[in-house]
Amino acid sequence: MSDLHIENVSMRFDLPGGGSVQALKNINLDIKSGQLLSVLGPSGCGKTTLLNIIAGFLAPTDGDIHLEGELINGPGPERGMVFQQGALFEWMSVRKNVSFGPDMKGVAKAKSAPEVDRLLELVGLQDFKDKAVYELSGGMQQRVALARCLANDPDVILMDEPLGALDALTREKMQSLVLDLWKETGKTIILITHSVEEALLLGERLLVMAPRPGRVHKEYYLPFADLGVGADLREVKKHPDYTAKREEILAMIWEMEEEIMGRTEGAN
Amino acid sequence: MHESSVFSDLANETLNIIISISSILPYLFGYIVIILASLFIWRTVRRGVSLGKNYNSLKTVTFGDESTVVSNKSASIVSVLLIFLLWGSFTGSKLLPGFLHMPGPYVGSNEFTYTAQNDVGEEDSATVSLVVHVAGEKASKPTIKAGDGIAVNDVMVIQAYRSKLLAWDLNDQVKRKWGGKIVKVNDQPISKNNPVDVGFARVSLTDKGTLNVVPHKGIQMEHIYLPAPEQVWTRLVNIANQGYQNVTLGQHLGFSLWRVIIGFLIGALVGIPLGYAMGLSNWFRGWFDPIVEFMRPVPPLALIPLVIIWAGIGEEGKVVLLFLAALWIMAIAARSGVSGVRITKIHAAYSLGASKFQILLRVIIPNSLPEIFTGARVAMGVCWGTVVAAELVAAEKGLGKMIVAASKFQNTDVVIMGIVLIGVIGFAIDVGIRLLEKYLVPWKGKG
Ligand SMILES: Nc1ncnc2c1ncn2[C@@H]1O[C@H](COP(=O)(O)OP(=O)(O)OP(=O)(O)O)[C@@H](O)[C@H]1O
Ligand SMILES: [Mg+2]
């Protein structure tokens with residue numbers, strides 16, 4: 001089982017002018033294999049920092065993360081990452097981007113090609129295989145990024161606001177796609193988002209983080225992700241519980257944001 | 001030299017420059033009027049033949065909308081044609097019909113009279129027949145009658161744009177040494193400060209009492225200063241076939257280009273890896289930062305004397321110079337190409353299992369190519385300028401050498417031809433690199 005254990009993780013950034021920022025404090029999380037965890041929180045509460053630590057781009061100042069019992073101390077192909085935008089290699093075709101992972105492992109083209117084709121079909125880009133990535137729209141580029149991540153067959157997929165730059169309609173389609181991929185592949189997914197709706201719809205489990213220091217504020221287990229698989233997400237939104245949860249979380253985040261504002265205004 | 005004299009010298013120079021500039025202003029104003037007039041004509045013509053509507057023509061706000069400003073091809077054509085027109089017009093080019101020529105220097109046969117007076121006050125008139133001929137053409141002296149009286153008729157042959165002194169009393173009975181002098185020219189009184197215009201020339205009295213005859217020069221440029229376009233073209237054809245001073249044009253051209261290409265290639269070959277090292281390692285960055293930052297602002301031209309002292313005027317010296325010109329530019333371009341890679345791309349590559357070497361090869365290098373091409377364009381431009389300058393100073397072959405040699409013999413047509421060639425080749429190099437860039441780095445600016 002590829003369970004993810006996050007133990008007492010803290011992160012403190014030393015600032016160049018002296019002083020420091022406590023970006024994360026004592027985060028403890030157990031993420032089960034196959035779980036879809038969405039993470040919400042006001043800006044600056046340490047979401048990206050947490051994801052970067054899990055990805056292995058940053059070492060925490062305290063605490064450990066284990067994946068399948070193995071300590072994480074750097075980036076690795078078992079943890080795939082989907083960025084908000086601009087992480088595709090624009091000097092490669094769509095197909096080359098998707099096959100990047102297998103290519104790096106030295107898998108022969110002939111061997112990886114069927115899987116790459118299958119993934120491109122899965123994300124609906126079979127007709128754009130040989131196009132340059134900069135010729136694609138933003139939504140298509142994010143689908144390439146998703147396919148590229150999947151082609152490497154990671155155990156955990158980390159997403160930092162992957163749909164943040166998309167328009168509402170494209171975003172909705174991509175949300176369905178993420179849900180379907182999740183169900184089909186059974187991968188562990190950690191998804192950071194700014195949208196409460198997205199967090200509710202996609203997160204089987206939802207984490208609300210609070211800032212200064214960055215910590216877990218509240219946790220929910222939700223039914224909407226399961227309901228949404230293969231279904232119309234707009235129908236899911238009509239669920240009575242959905243609206244209630246949305247209002248509750250919105251209010252929670254508003255409160256936090258207001259507190260931050262008040263504090264910075266007081267500081268001025 | 002006093003300290004303060006520098007300031008007064010510079011102040012004087014500044015004043016001179018301002019005066020020169022203001023004397024140009026009327027011409028500048030005339031040029032702007034031509035531009036606006038042609039715009040007006042073009043608009044009127046355009047309105048007559050309404051062209052199909054494109055997207056920009058439907059925009060109502062165009063002033064200030066940068067996207068609606070595209071280089072107008074008609075304006076470019078008219079502008080270039082005008083340059084040739086002015087060139088031809090002011091040089092009396094045979095390519096242009098005569099009525100488009102600016103007034104040229106007076107050429108032809110004509111005459112004026114002078115009235116001499118001897119020491120006892122007797123006066124007599126004589127005719128001066130003169131022929132003004134174009135440089136390079138032979139003119140024969142007209143035969144004249146001596147005439148009668150104490151002043152005898154004279155003959156002069158003058159080359160256009162030149163002047164000549166007339167010792168009128170050589171054949172006269174009135175002599176300067178006996179107190180004789182000229183009092184009138186064409187019946188108009190003449191004195192030292194009071195020259196007479198005889199219609200085709202200006203005649204003045206010198207201190208010694210001779211006549212200085214200056215045929216009117218018109219406002220065309222003398223060919224020794226500015227040859228006509230067709231003369232430059234003929235020179236080009238001539239030099240292309242026969243060479244200049246025993247060196248063919250191909251050799252001049254080939255040597256210049258060869259130096260630039262070799263110097264640039266070695267510079268790029270060293271500079272790009274250096275830039276990568278500086279972009280990837282703290283130690284290399286720290287090691288080379290002071291060197292690069294110091295060498296970058298030193299213009300390559302300033303190194304010419306040192307390179308000549310060290311390496312002489314042979315090929316090594318010039319290639320070293322161009323190598324140095326290209327090296328820092330390419331190193332800085334490669335360095336910023338590496339630093340410019342988005343961290344998310346690097347992170348993505350690591351997460352996909354790439355090794356450091358694979359990341360260098362598959363991410364960092366391709367990502368830096370656009371910057372490197374930009375650097376290459378700058379470096380080639382600088383190298384081209386530097387090679388010409390270096391050849392002006394010291395070389396046996398090369399375009400720069402050709403024009404500096406030509407300038408010593410006042411072969412202005414060769415000089416101008418060389419300058420045009422240098423410009424055309426510099427432009428061609430730039431276009432070539434841009435095409436290569438378009439082909440090799442189609443993703444430029446699209447990341
Ligand atoms: N490299 C760094 N150096 C110093 N401080 C940092 C650094 N990276 C992040 N921080 C600080 O850590 C805190 C958390 O940042 P982080 O980027 O994780 O927030 P976030 O929740 O992802 O915000 P957002 O929603 O805006 O993306 C912030 O206060 C930020 O200023
Ligand atoms: Mg973030």
Side-chain angles (χ1 to χ4, degrees), chain A residues 48 51-58 72 74-93 96-107 112 131-136 141 144-162 165, chain B residues 272 275-276 279-282 285-286 289 333-377 433-447:
Chain A
T48 300
L51 208 69
N52 280 341
I53 292 174
I54 299 173
F57 304 140
L58 281 174
I72 290 175
E78 72 285 351
R79 281 156 289 135
M81 187 98 178
V82 180
F83 296 88
Q84 181 170 6
Q85 67 184 138
L88 292 178
F89 306 128
E90 62 267 18
W91 45 91
M92 296 177 187
S93 65
K96 272 274 175 64
N97 264 280
V98 175
S99 70
F100 188 83
D103 286 351
M104 293 303 103
K105 270 185 247 162
V107 177
S112 63
K131 280 253 167 10
V133 287
Y134 53 80
E135 293 173 298
L136 305 186
Q141 292 188 359
V144 176
L146 215 53
R148 180 175 73 174
C149 183
L150 289 170
N152 213 32
D153 197 22
D155 301 326
V156 182
I157 299 179
L158 308 170
M159 302 189 184
D160 194 354
E161 292 173 44
Chain B
I272 293 173
Y276 282 147
L280 293 170
S281 145
N282 291 338
R285 170 74 68 100
D289 250 352
R335 186 185 70 185
S336 62
V338 174
S339 330
V341 59
R342 260 180 195 249
I343 187 61
T344 49
K345 288 195 182 29
I346 301 291
H347 279 171
Y350 272 118
S351 294
L352 290 165
S355 66
K356 279 185 184 165
F357 182 67
Q358 284 172 323
I359 284 178
L360 176 68
L361 223 58
R362 308 289 295 268
V363 182
I364 292 176
I365 290 181
N367 190 80
S368 67
L369 284 183
E371 291 265 9
I372 286 183
F373 267 96
T374 308
R377 274 178 63 193
I433 299 181
R434 261 190 285 178
L435 287 179
L436 201 66
E437 181 181 38
K438 223 174 173 179
Y439 175 71
L440 289 177
V441 201
W443 64 87
K444 180 175 183 175
K446 291 171 178 156

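The chains referred to below are lettered A, B, ... by the order of the sequence lines, with proteins before strands, and numbering in each begins at 1. Since the model is a prediction, treat every value here as computed from it, not as a measurement.
Between chain A and the options Leu369(B), Ile343(B), Val441(B), Asn367(B), heavy-atom pairs under 4.5 Å are most frequent for Asn367(B). Looking only at heavy-atom pairs under 4.5 Å with chain B, the residue among Gly101(A), Ala87(A), Pro154(A) that has the most is Ala87(A).
Taking each heavy atom of Asn152(A) and Gly353(B) in turn, the nearest pair found is ND2-N, 4.3 Å. Considering all non-hydrogen atoms of both residues, Ala348(B) and Arg148(A) come closest at CB-NH2, 3.4 Å.
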ask   = Do Leu352(B) and Met81(A) pass the side-chain contact (heavy atoms from CB on, under 4.5 Å) test, and can you show the C-alpha distance, the side-chain angles, and the key distance before you say yes or no?
value = CA-CA 8 Å; Leu352(B) 290 165; Met81(A) 187 98 178; over 6 Å; no

ask   = Step by step, would you call Phe100(A) with Val363(B) a side-chain contact (heavy atoms from CB on, under 4.5 Å)?
value = CA-CA 11 Å; Phe100(A) 188 83; Val363(B) 182; 4.3 Å; yes

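Using modelled atom types, one side-chain atom of Trp91(A) and one backbone atom of Arg362(B) make a donor-acceptor pair closer than 3.5 Å. Between the Glu90(A) side chain and the Trp443(B) main chain, no donor and acceptor come within less than 3.5 Å of each other.
Atom CG of Asp103(A) sits about 9.0 Å away from atom CD of Gln358(B), to the nearest 0.5 Å. Atom CD of residue Glu78(A) and atom OG of residue Ser351(B) lie 9.0 Å apart, to the nearest 0.5 angstrom. The CZ atom of Arg342(B) sits 10.5 Å away from the CG atom of Leu88(A) when rounded to the nearest 0.5 Å.
Sparse packing is recorded around NZ of Lys356(B), with 12 or fewer heavy atoms of other residues, nucleotides or ligands lying under 6.0 Å away.
For chain B, no part of Leu158(A) is nearby; none of its heavy atoms comes within less than 4.5 Å.
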